Amino acid sequence: MPSATFAQLESLLSARKLDHTFSSHLPGFPGASNKQSLSPTGSAALDTLIGGLPGGQISEIVGPRSSGRQTVLVSWLAAATRRGELTALVDPLDMFDPSSAAARGVDLAQVLWVRGRALAPESVSLPHEMGELRVQIQRAVKALNLILQASASGGFGLVALDLGEVPVSVINCLPFTTWRRLHRVIDGSDTACVVVASDRLARSVGGITLTLERSNAEGAEGTEVAEDFIFKNSALKVMPHHVRLLPELKIEGRAIHARGMRTDRVVLSAACCLLPAVD
Amino acid sequence: MFAALYLPPLPGRAADARAQLMVVAQEFSPRVERLHDDLLTLDVSGLERWFENLRALGEALRATAADRGLAAHIAVAATRTAAVLCARGRAGLTVALPGQEAAWLASLPLNVLTVWTVGSRPLAVGSLHAAHPPTLCRASARPAVAFGEGGCPPPTAPIATFRRWGLKTLGDLASLPSVELSERLGQAGIVWQRLAHGEDLQPLVPALPDEYYEESLELDWPIDQLEPLSFVLGRLLETLCARLEHADRGVAILHVRLDLVGCQRFARALQLPAPMRDARTLRTLALLDLESNPPPAAIDRVTVAADVVEGRVLQFSLLQRALPAERLSTLLARLSALMGSDRVGAPTLVDTYRPGAFAMAPFRAATSASSALKKLPVVRRFRQPIPARVDVHQGRPLRVTSNRRHLRGGYVEVCAGPWRSSGDWWVTDTRPRKSALGSWDRDEWEVTLRDGATYVVSQVRHRGGWFIDGILD
């Protein structure tokens, strides 16, 4: 096609805003328009890999229990509050621990915490528990919608929804258009939305999915192996009492962009999720 | 030009004479200063165009006061001081044309200077550049305070000293040589001499009217739904906010008073996080509050009132888009209505070693001092710990199970601990408090089960029960 005709075609597409594809929105992708704002996550390994958390998109952190999801989320909150941004956390099961978040550098005064009702500790019937959970999740999604609407033209830098301990069967009761509607609220803004879950469900086209996997603790120096507690060919490892478990675990994850574009596996040890001390 | 109105103490004077005197003054000028309960000065500059001359203005003042039954002394002069001294020292109407103040004041007795030391407003020290200027105090309401100095009692006019010198009138004082006067009385003497000349030492400071912002509407028929109430509130708040806009005021507290069927009254007060005067935002906040706290009966009359403060001066940034206070207030109100007022806010740490202790504070989008970073695990904490069954061998947990769905547990692969903590054993107050959960004495373990999940489990020492407190994630 002659170059003049090609240029004319491009300008026509641009005038009608048809010059974007799914790929052109991806951060770091060849030919990306770079119009998206990227916020540093606080982890050098992750920022090198994906450039940062994309604004105006819904990203997600998925993985099994104790894979480091909450640690990664808290490190992103800490990075955002250190930049002076307001953050919001919708916590439908009321499981956020402010003391461990503050120890990780989160400025709690800049966190709007929306708490649901914790489930009763005693066992209840399945229909009752599922019914309660559904109500909690619906309220949480409404609260998230309100916060994203208020933030659409400026306000919160990072808004998170923690569905890490919510059964997938309850989340699947939400209408399938939920995440698309939420994305449209913040599309074009600088607000980044993050959903923490056990499985992939909410990422928007320009967002990222960070999948985390549990890796075995290699054991700290001086670990005792109690030989006399062998159960079914496994051994009970006892850590020295001054050692805490999670910092010794490695958080391994993989960032996924749209349409199956996967990055290499990246190791984010829990220690590296700490931000550098302020000089 | 200034005018002064003075009510001499007379027997049989009406109880509201002082209020009537203020009304008379305000009929002629909005700039009225109350020097004393019985003595007012008003700025009449420009009023000469409405009257033939200054005497006609004075006559009008006297006639207006007489219509209200007040036998006031009236004085009109080019300076405020001259007007006050003439009104104080001469009965009837005194009109001192510009340049004639000294002549009018010369014959006044010295004791008229006491008007500045009994129940009147302080002089401004700065205008005198004096070390010990005479200060004017409120005699009745508050203890005397030297303006600009820290609590020294004001000196009275040295009238006894002047009389010993043989002075009798203000003219005698004004004619004294200034240098010799200052050598004997210091700068205070110079100030009194300037007053005797009729010079103004400070400008007139008008008394501001009480600000009163309230709008009310009586309904033709009672309403018991929020939707029609929103129209009524919107109309009242539009009018109120227009007045606030004129006066550059913002609403700090919004009062909504509803007169209900059955002569009941229902009142709500909304404390706003920042002064605002946007009618739409105020209406939304009021409706959200009434939705959470509905009135018990239908509404006959709606009244909105505002406690106001000065308007905010905001400096926006070109680099950062901030969340406006109005939008933040609306968001917080909506979230509180949805989740509960105690479920929305900013988390704060409390001064205790109790694991998981926190408090909720109103979210104000402020920054706080960051603490040193620690290498501690991040916990998903169960607000109500889950009872667990733990098999223990030689003091170490071997297997952890619970009845909770999705938390069945299993055999322990790795464990760390115990960490022992206790506290609040000294608290003897049995009343329930917000964060009071009683004393605690526990051993805490971190265990990784075979399914790979890592939990925080604790054993209550004196009771022996085990609980799952949280998940390390």
Side-chain angles (χ1 to χ4, degrees), chain A residues 64-71 74 84 86 94-95 97-105 107-116 118 120-121 123 126 129 139 142-143 146-147 150-151 153-155 164-165 167 214 217 229 231 234 236-239 241 243-247 271 274-275 277, chain B residues 321-323 327-328 330-331 334-335 338-339 343-349 356-358 363-368 370-371 373-387 393 396 398 403-406 411-419 446 448 450 452-454 470-473:
Chain A
R65 193 177 278 173
S66 298
S67 56
R69 300 169 299 177
Q70 191 78 340
T71 303
V74 165
L86 298 179
D94 196 13
M95 298 187 79
D97 184 33
S99 52
S100 50
R104 287 260 166 182
D107 183 355
L108 295 178
Q110 292 178 277
V111 177
L112 172 62
W113 184 22
V114 181
R115 303 163 55 198
S123 167
L126 180 63
E129 184 173 323
R139 279 201 193 131
K142 280 183 190 172
L146 288 173
I147 297 172
S151 178
S153 56
E165 291 298 313
R214 288 196 208 111
F229 294 117
F231 263 89
S234 65
L236 172 64
K237 294 178 189 168
V238 178
M239 309 297 283
H241 74 93
V243 171
R244 309 213 64 140
L245 284 186
L246 195 60
L274 283 173
L275 295 165
Chain B
R321 283 185 286 188
L323 193 61
R327 203 184 309 165
L328 180 62
T330 309
L331 171 66
R334 289 187 196 275
L335 288 173
L338 177 66
M339 308 294 285
R343 314 302 291 185
V344 178
T348 56
L349 302 179
F358 69 94
F363 181 70
R364 298 205 189 281
T367 57
S368 62
S370 57
S371 55
L373 300 179
K374 296 176 192 166
K375 197 175 172 182
L376 288 176
V378 175
V379 181
R380 283 179 191 278
R381 197 167 287 277
F382 294 110
R383 290 289 167 250
Q384 299 183 59
I386 312 289
H393 187 82
R396 295 190 180 118
L398 212 56
N403 290 338
R404 182 72 175 275
R405 223 167 266 112
H406 309 295
Y411 286 98
V412 176
E413 277 200 349
V414 186
C415 77
W419 295 276
E446 291 175 3
T448 299
R450 281 203 195 150
T454 306
I471 306 169
L472 295 189
D473 193 2

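Keep in mind that this is a model prediction, so the values were computed, not measured. Sequence lines set the chain letters: A, B, ... in the order given, protein chains first and strands last, and positions in each chain run from 1.
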K.L.:
Tell me the closest heavy-atom pair linking A/A118 and B/R383, and the distance in Å.
P.N.:
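Heavy-atom minimum between the residues: CB-CB, 4.0 Å.
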K.L.:
Between B/T330, B/L335, B/V344, which shows the greatest number of heavy-atom pairs under 4.5 Å with chain A?
P.N.:
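So the answer, after comparing B/T330, B/L335, B/V344, is B/L335.
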K.L.:
Could you look at A/A101 and say if it's the side chain, the backbone, both or neither that has a heavy atom under 4.5 Å from chain B?
P.N.:
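Looking at A/A101, nothing touches chain B.
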K.L.:
Shortest non-hydrogen contact from B/M339 to A/G116?
P.N.:
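Where B/M339 meets A/G116 most closely, the heavy atoms are CE-CA, 3.9 Å.
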K.L.:
Need one label for B/L331: side chain, backbone, both or neither, based on atoms under 4.5 Å from any heavy atom in chain A.
P.N.:
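The side chain, not the backbone.
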K.L.:
Would you find a donor on one side and an acceptor on the other, under 3.5 Å apart, between the side chain of A/S66 and the backbone of B/L472?
P.N.:
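Between the backbone of B/L472 and the side chain of A/S66 there is a qualifying donor-acceptor contact (under 3.5 Å).
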K.L.:
Do you know which two heavy atoms are closest between A/A102 and B/L349, and how far apart they sit?
P.N.:
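Where A/A102 meets B/L349 most closely, the heavy atoms are CB-CD1, 3.7 Å.
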K.L.:
Which residues pass the side chain to side chain donor-acceptor pair (under 3.5 Å) test with B/R334, sequence neighbours left out?
P.N.:
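Applying side chain to side chain donor-acceptor pair (under 3.5 Å) to B/R334 gives none.
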K.L.:
Check salt bridge (charged side-chain N to carboxylate O under 4.0 Å, His left out) between B/R343 and all other residues, then give those that pass, not counting sequence neighbours.
P.N.:
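With sequence neighbours excluded, B/R343 shows a salt bridge (charged side-chain N to carboxylate O under 4.0 Å, His left out) to A/D94, given in chain and number order.
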K.L.:
What's the spacing between B/R364 CZ and A/L86 CG if we round to 0.5 Å?
P.N.:
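Rounded to the nearest 0.5 Å, the CZ-CG separation comes to 14.0 Å.
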K.L.:
May I have the step-by-step check of side chain to side chain contact (heavy atoms under 4.5 Å, CB included) for B/R380 and A/R65, ending in yes or no?
P.N.:
CA-CA 10 Å; B/R380 283 179 191 278; A/R65 193 177 278 173; over 6 Å; no
K.L.:
Which pair of heavy atoms, one from B/P347 and one from A/W113, lies closest together, and at what distance?
P.N.:
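What the structure gives for the nearest pair is CB-CE3, 3.6 Å.
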K.L.:
Please determine, among A/R139, A/M95, A/E165, the option with the most heavy-atom pairs under 4.5 Å with chain B.
P.N.:
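Max contact count across the listed options: A/M95.
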K.L.:
For the residue pair B/F358 and A/L108, establish whether any side-chain heavy-atom pair is separated by less than 4.5 Å.
P.N.:
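No, every pair of side-chain atoms sits at 4.5 Å or beyond.
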K.L.:
Supply the atom-to-atom distance B/L328 CG to A/S151 OG, rounded to the nearest 0.5 angstrom.
P.N.:
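It comes to 11.0 Å.
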K.L.:
I need the minimum non-hydrogen distance between A/P167 and B/H406, along with the two atoms involved.
P.N.:
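Reported closest heavy-atom pair: CG-NE2, 3.4 Å.
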K.L.:
Closest approach of B/D473 and A/S67, non-hydrogen atoms and distance?
P.N.:
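Of all heavy-atom pairs spanning B/D473 and A/S67, the closest is OD1-N, 3.3 Å.
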K.L.:
Which bit of A/V114 comes within less than 4.5 Å of chain B, counting heavy atoms only: side chain, backbone, both or neither?
P.N.:
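Answer is both: backbone and side chain atoms of A/V114 are under 4.5 Å from chain B.
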K.L.:
How many angstroms lie between CD1 in B/I471 and CG in A/D97, if you round to the nearest 0.5 Å?
P.N.:
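Result: 12.5 Å between the selected atoms.
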